[in-house]
Amino acid sequence: MGVEPENTLRSFVAAQQAGLDVIELDLHLSKDGALVVMHDTDVDRTTDGTGPIADKTLAELRALDAGRGERVPVFEEVLDAVRSPLQAEIKDVAAARALAEVMTSRDLVSRVEVSSFHDEAVAEIARLVPGVRTALIASRYGTDIVDRAVEAGAATVCLNIRRLTLEVVERARKADLRIIGWVVNTQDHLRLVRALELDGATTDYPEIKRTGRFTA
């Protein structure tokens with residue numbers, strides 16, 4: 001989020017207060033198997049620490065400063081801190097399995113949509129959590145992204161707005177897929193979202209919201 005330290009409780013509360021429809025977050029597994037909320041595979045960019053998340057225990061991650069004195073949150077903390085619908089991005093099949101346990105135990109099917117760049121992670125969470133809503137994310141893609149999403153069982157494609165074409169949109173519509181554009185941080189990109197009649201957009205700046213459904 002562009003106005004608060006990203007993937008922190010502070011940023012999620014701010015997004016909820018700004019009236020965003022859905023809050024997006026990123027999940028990794030710590031060395032001891034905890035679902036921690038962070039975008040990158042390592043802690044270097046967003047904390048005062050260094051090294052891969054997978055090499056650190058939850059206690060070690062919690063000791064880091066994630067910006068403005070914020071700690072690296074675990075997924076369950078976010079669930080308790082905000083009431084907004086969530087889109088949880090998972091990085092691999094192992095994270096899918098850990099998330100499935102939490103979703104099942106806390107009955108989160110109606111509240112949490114699960115997304116991933118990895119087809120197999122989308123397919124795995126769908127297998128483990130019947131009825132879960134899933135989204136396949138892509139940065140560099142062609143019309144084949146539609147076939148991949150259908151094969152993985154995704155209901156939505158989340159696509160890099162800079163590469164989005166009318167051809168991809170039309171093919172996704174024919175496959176009954178929802179389309180979310182990311183990252184929509186400029187008025188030009190917002191106009192493109194409207195022109196292509198997308199189902200929503202992801203933004204780092206809540207104030208850009210004017211119409212439609214947005215996530216942050």
Side-chain angles (χ1 to χ4, degrees), residues 1-103 105-106 108 111-118 121 125 135 137 139 158 160 180 182-186 200-209 214-216:
M1 189 172 181
V3 295
E4 297 287 357
E6 67 178 68
N7 276 303
T8 61
L9 292 182
R10 184 183 183 121
S11 70
F12 300 136
V13 170
Q16 178 172 263
Q17 291 174 342
L20 276 297
D21 302 292
V22 183
I23 297 174
E24 192 267 351
L25 51 82
D26 306 278
L27 297 177
H28 289 269
L29 288 179
S30 66
K31 184 177 181 179
D32 45 355
L35 275 172
V36 294
V37 183
M38 189 176 292
H39 181 274
D40 300 351
T41 57
D42 58 54
V43 303
D44 300 54
R45 182 176 63 86
T46 57
T47 78
D48 58 350
T50 60
I53 296 171
D55 290 348
K56 299 182 184 298
T57 65
L58 178 58
E60 290 171 331
L61 291 167
R62 299 285 274 176
L64 302 176
D65 185 342
R68 302 187 188 180
E70 289 286 300
R71 295 191 302 177
V72 176
V74 295
F75 181 53
E76 289 87 343
E77 281 184 308
V78 180
L79 291 171
D80 295 335
V82 299
R83 297 302 175 203
S84 300
L86 302 175
Q87 184 186 84
E89 181 186 334
I90 50 177
K91 308 300 182 177
D92 52 35
V93 171
R97 292 168 182 159
L99 178 58
E101 292 183 12
V102 178
M103 291 189 67
S105 65
R106 296 189 58 155
L108 298 174
R111 184 182 174 196
V112 178
E113 179 181 44
V114 182
S115 64
S116 183
F117 279 91
H118 305 289
I125 194 74
I137 313 172
S139 179
C158 299
N160 183 346
I180 304 295
W182 62 268
V183 174
V184 178
N185 286 341
T186 69
T202 299
T203 182
D204 293 320
Y205 300 98
E207 64 269 19
I208 205 171
K209 179 181 179 182
F214 279 75
T215 67

Donor-acceptor contact below 3.5 Å, side chain Gln16 vs main chain Val13: no
Validation row: Lys91, Thr41 side chains within 4.5 angstrom (heavy atoms): no
Note, Thr47 side chain near Met38 side chain (heavy atom, < 4.5 Å): yes
Heavy-atom closest contact (Arg10 atom, Glu70 atom, distance): N-OE1, 3.3 Å
Where Ala88 and Leu99 come nearest, the two heavy atoms and their spacing: CB-CD2, 4.2 Å
Minimum heavy-atom distance Ala201-Val184, with the two atoms named: CB-CG2, 3.5 Å
N/O donor-acceptor pair under 3.5 Å between Thr202 side chain and Val183 backbone: no
For Val102 against Leu79, the heavy-atom pair lying closest together: CG1-CD1, 4.2 Å
Expected output: side-chain Arg111 to main-chain Ser84 donor-acceptor under 3.5 Å: yes
Ile137 and Glu89, any side-chain heavy atoms less than 4.5 Å apart: yes
side-chain contact (heavy atoms from CB on, under 4.5 Å) partner of Ile53, the single match among Val43, Leu29, Asp40: Val43
Minimum heavy-atom distance Pro206-Ala18, with the two atoms named: CB-CB, 3.5 Å
Donor-acceptor pair, side chain of Ser116 and main chain of Ile90, under 3.5 angstrom: yes
Nearest non-hydrogen partners of Cys158 and Gln87, listed with the distance: SG-NE2, 3.8 Å
Under 3.5 Å: donor-acceptor pair, side chain of Asn185, backbone of Asp204: yes
Side chains of Val112 and Met103 in contact at under 4.5 Å (non-hydrogen atoms): yes
Donor-acceptor contact present, side-chain Asp44 to main-chain Thr50, <3.5 Å: no
Minimum side-chain heavy-atom gap Lys31-Glu60 below 4.5 Å: no
Test item: Leu9 and Pro73 side chains (from C-beta on) under 4.5 Å apart, heavy atoms: yes
Value rounded to 0.5 Å, distance of CG in Asp42 from NZ in Lys56: 9.5 Å
Sidechain-backbone polar pair: Asp32 side chain, Leu58 backbone, donor-acceptor under 3.5 Å: yes
Heavy-atom donor-acceptor pair, His28 side chain to His39 backbone, under 3.5 Å: yes
Worked check of side-chain contact (heavy atoms from CB on, under 4.5 Å) between Thr57 and Ser30: CA-CA 6 Å; Thr57 65; Ser30 66; 6.0 Å; no
Min side-chain heavy-atom separation Thr8-Val72 under 4.5 Å: no
Under-4.0 Å salt bridge between Glu101 and Arg106: no
Within-4.5 Å side-chain heavy-atom neighbours: Val36 and Phe75: no
